[in-house]
Amino acid sequence: MSNTRTPATSVKAETPEPGKARKMLQLLLADKTATIAAIFLIVIIVCAILGPLLLDQLATRQNLRGRNAPPFDLTRSFFWVLGGDQLGRPLLARIIVAAGNTMAVATGAVIASMTIGSALGLVAGYSRGKLGDIVPRIADVIMSFPSLLLAVIVLYMLEPSVSNIVIVLAITRIPVYLRTTRAEVLEVRERMFVQAAIVMGASHLRIIFRHILPVILPTLLTIAALDFAFVMLAESSLSFLGIGIQPPEITWGLMVSQGRPYLTSAWWLSFWPGLVIILTTLSLNLLSNWMRVALDPTQRWRLEIGGKKNG
Amino acid sequence: MADQLLQVRNLSVTFQTARGPVHAVQNVSWQIDRGEVLAILGESGSGKSVSASAVMDLIDCPPGEITSGEIFYEGRDLLTMSRAKRRAINGKKIAMIFQDPLAHLNPVYTVGWQIEETMVIHGTSAAEAKAETINLLRKVGIPNPEDSAQKYPHQFSGGQRQRLMIAMALALKPDVLIADEPTTALDVTVQAQILQLLEELQKETGMALLIITHDLGVVAEIAHRVVVMNHGEIVEQGSAREIYANPQHPYTKRLISCAPGQGEIHDKVSETEPLLKVREAKKLYGAFEALSGTSFDLHEGETLAIVGESGSGKSTTARILLRLEESSGGTALYKGKDLFAITPKEMFAIRRDIQMVFQDPTQSLNPRMTVYELISEAWAIHPEILPKAQWKARVATLLEQVGLQSEHVHRYPHQFSGGQRQRIAIARALALEPRIIVCDEAVSALDVQVQGQVIALLDRLKAEYGLSYIFIAHDLPVVRDFADRVIVMQGGRIVEQGPVRQIFDFPRETYTRNLLAASLDPDPEVQARRRAERRAKEAV
């Protein structure tokens, strides 16, 4: 056929619009893997908020008799199910408590770098003047600097606190968003519906936020989900170098690196926190994949028809 | 029947889609013999290309599935043949050319190399292939064939690229050439040349030519027989003249009556003070003059058509008038203000008055906004037009005025057909209550019947709202039916302007005459007469 075939128009009669939130929930439930991912993330968030309040005592008290206790030992209490660490602290409790710091660092860094990076990218892509030339150079400067070196210098001079780590990680991740956003904006800006908006007299802000941003947002969210893992691991390597989170504060990345010397004798020290990092990133990716489809009206039918995948 | 060269018998093809199976073609049968030109005529979605794709083994299975039927080539059923055997026939015996030649030429190889390659694959020696390539290029009318063979696809114009595709298809001297909308993307004068070339080559080689098209004019120009398709079924087939003169099926009747260029010519000439006065408008891209000093007036309540081929500067005119691009010189006076010189703030106030409808509604409507959001955006930008409380009611009224149902406000653009989308775009333009609407090829992407409906809608709205149109088009018959005055442009200049009747019946300039002569009439008789005239002229 010479023309592209659009999926047949919705056959359902126009029912009165259900609430936006409810509709989104229906779309989420239509995708089983995304639902599981969402539930997992909610559990992690709950741990991150409540964990430090409830389990802090348990997670930090040393117990040398439980040193490197193996996992699945049912003679101990529930929190020992994943084993104990090198100082005899229950791993499960530590993972739950560490969720707080890990999430704070990762979320903070990702949100900050995404906001700043895409804002700069929007400016760089949309502006036809000098700004469009200058802003991408910022990205070049940041990228030409080894990110770990930057982190080492900054954290050596400043106090290695959670907020400083967030700032350092955010700065090093800005170029990713800046470049992607700029490239996408350069393309979307020339699309016909943007021209149509200009003809109507739409202001620059309206064009950027109403017409361009919604089109590129799914891409940015996908990158953010991937970046989440990167930031968690970057934080752990900083911690490994001793300029990241300082013990007794804990994060998953720090737990992985602390368990490294014991890998041959007590694998569980690094394995469990590593597994949580993997599952969290995986869930984020699954969820962002679902979101990309759910936010796109031309793709949404894939979820609405439920289960059956096509194409 | 068995002695037919290519025969499709009771072919049915089904595509599995998310919303259940779609029967792309059902029980389609046609045949074509040596030396014959068959046209398959149909609108988009009619399944006109599907049977040809089945012949070429281009249907993806899944999601496509050939549920019944046979395709005989020289008495052998292609569908039961092995893939390897089919490949030996495809390309060598049955060749195909497509609508968009640029997409089918590899940009990193010279065109000569690409044509040679086809021959070498099928067993010609390299030296022979080289000589034959030059020969073919000469045959399809490429200037300086020796030099051209060393050039890359991007160095050729659209018409030349289609010639290259034809040369490539002819390289192996096929028995059947299938051309899928071969001239749709081309200018009228180029279209005429390509069709003429195809006809000559077909006569010379005696091959069978199958043309798939939506254009009655193409059928009238070249086809001996025609198969008319609608919704995946053949509604009628017969000789091209017979079908045109005496259509039997109601669908064919409707299709023929919808062909533009048969209506009354508008004779109204407005004598009022011009609404918009454009003087010496210029646009430079670097050293290239896209628009070199055009001047024209637009009167109140008038439809001014700007016609021309690609690169004539007709769209540039629209773009600088709407300040989508800055002009490089000249003035455009509207209500005493120069549109080219005023500040963005002043322009904002004038934007309400001058609106635009774009060529492709699929691209000009934001895919992430509902119809309601699309139309009401106009009032979000210009809040003085309508208080928010009345938005809903007004959107509903506008939708009904452009012939859509008001219940569809919460749908997204992709849930509508092409014609409906263009109606939404028109409703959006109307929301601002403009005085001038610039239609940039606004009906070019639509099927003939839909085209007629949208033109009728524009005509009605003009009377209701007292609008003036600047109607940019390359399709002369549509302009003839719709416009009051016509401007003919070529290479950034106005060649001729005047009332429709004068331009169409008494053109003064050679270019206008050529343009008119090149445009295709849906009547095979008329086309035959024009062809004869052209031959006579060439003979002289």
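Keep in mind it's a predicted model, so treat the numbers as computed, not measured. Chain letters run A, B, ... following the sequence lines, proteins first and then strands; every chain starts at 1.
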Which heavy atom of [X] sits nearest to which heavy atom of [Y], and what is that distance?
X	Y	result
A:Pro297	B:Pro367	CG-O, 3.4 Å
A:Met192	B:Phe358	SD-CD2, 3.6 Å
B:Ile381	A:Gly201	CG2-O, 3.4 Å
B:Leu365	A:Phe193	C-CB, 3.8 Å
B:Ser364	A:Ala196	O-CB, 3.8 Å
B:Arg368	A:Pro218	NH2-CG, 3.9 Å

Residues A:Arg210, B:Glu377: salt bridge by 4.0 Å N-O rule: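 Answer for the salt bridge query: no.
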I'd like to know whether NE2 of B:His104 has more than 12 heavy-atom contacts from other residues, nucleotides or ligands below 6.0 angstrom.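 Above 12, so yes.
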Over 12 non-hydrogen atoms of neighbours within 6.0 angstrom of OH in B:Tyr285: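 Result for OH/B:Tyr285: enclosed.
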Please look at [X] and chain A and tell me whether the side chain, the backbone, both or neither of the residue comes under 4.5 angstrom of a heavy atom of that chain.
X	value
B:Ile212	neither
B:Ala431	neither
B:Arg352	neither
B:His214	neither

Please look at A:Val194 and chain B and tell me whether the side chain, the backbone, both or neither of the residue comes under 4.5 angstrom of a heavy atom of that chain.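 No part of A:Val194 comes within 4.5 Å of chain B.
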Between the main-chain N or O of B:Asn366 and the side-chain N or O of A:His211, is there a donor-acceptor pair closer than 3.5 Å?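 Flag not set: sc A:His211 to bb B:Asn366 has no pair under 3.5 Å.
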Just how far is it from atom CD1 of A:Ile198 to atom CZ of B:Arg351, taken to the nearest 0.5 Å?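 The CD1 atom of A:Ile198 sits 7.5 Å away from the CZ atom of B:Arg351.
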Most chain A-contacting option - heavy-atom pairs closer than 4.5 Å, from B:Gln363, B:His382, B:Met369, B:Arg428: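 Most pairs with chain A among the choices: B:Gln363.
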